[in-house]
Amino acid sequence: MSAAERFIILPYRRNRGNLVPGEMRQASNAVSAEKIASAMSDRFVGVAAYAVMVDEETGDMTSPRLLAKHGEIADLNAA
């Protein structure tokens, strides 16, 4: 199993009163992820930038580490 660190941005919106994630975006590094999250923050209820470990063989993401948060976001570790 080979794992690599990846950087993702996850926007959130409200649907029928519930907080739901939007389409995930990737970034090339942590600084870029934080900048993208900040730029997206005025269009969504919440935006979060994470560093995650991705299993290169299966694509499974583990160990999310919050880099930046804007507004309301869900807890990825609770899932």
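Positions are given from 1, in the same order as the sequence printed here.
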Could you check if a side-chain atom of [X] sits within less than 4.5 angstrom of a side-chain atom of [Y], using non-hydrogen atoms only?
{"X": "His70", "Y": "Ser38", "value": "yes"}
{"X": "Arg43", "Y": "Arg13", "value": "no"}
{"X": "Glu23", "Y": "Leu10", "value": "no"}
{"X": "Arg65", "Y": "Val52", "value": "no"}
{"X": "Tyr50", "Y": "Leu67", "value": "no"}
{"X": "Ile36", "Y": "Met40", "value": "yes"}

Nearest heavy-atom pair of [X] and [Y]: which atoms, and what distance?
{"X": "Ala33", "Y": "Ala49", "value": "O-CB, 3.7 Å"}
{"X": "Tyr12", "Y": "Ala48", "value": "CE1-CB, 4.5 Å"}
{"X": "Leu19", "Y": "Ala74", "value": "CD2-N, 3.8 Å"}

Apply salt bridge (charged side-chain N to carboxylate O under 4.0 Å, His left out) to Arg6 and Glu56, showing your working. CA-CA 11 Å; Arg6 300 282 187 242; Glu56 296 288 330; 2.9 Å; yes
Answer yes or no: is there a donor N or O on one side and an acceptor on the other, between the side chain of Asn15 and the main chain of Asn18, under 3.5 Å? no
Ile8 CD1 to Gln26 CD distance, which is reported to the nearest 0.5 Å: 8.0 Å
How long is the gap from OG on Ser41 to NZ on Lys69, to the nearest 0.5 Å? 13.0 Å
Give a yes or no on whether Ile73 and Ile9 share a hydrophobic cluster (residues Ile, Leu, Val, Met, Phe, Trp, Tyr; joining criterion: side-chain heavy atoms under 4.5 Å apart). no
If hydrophobic clusters are built from ILVMFWY residues whose side chains come within less than 4.5 Å, do Leu66 and Met24 share one? yes
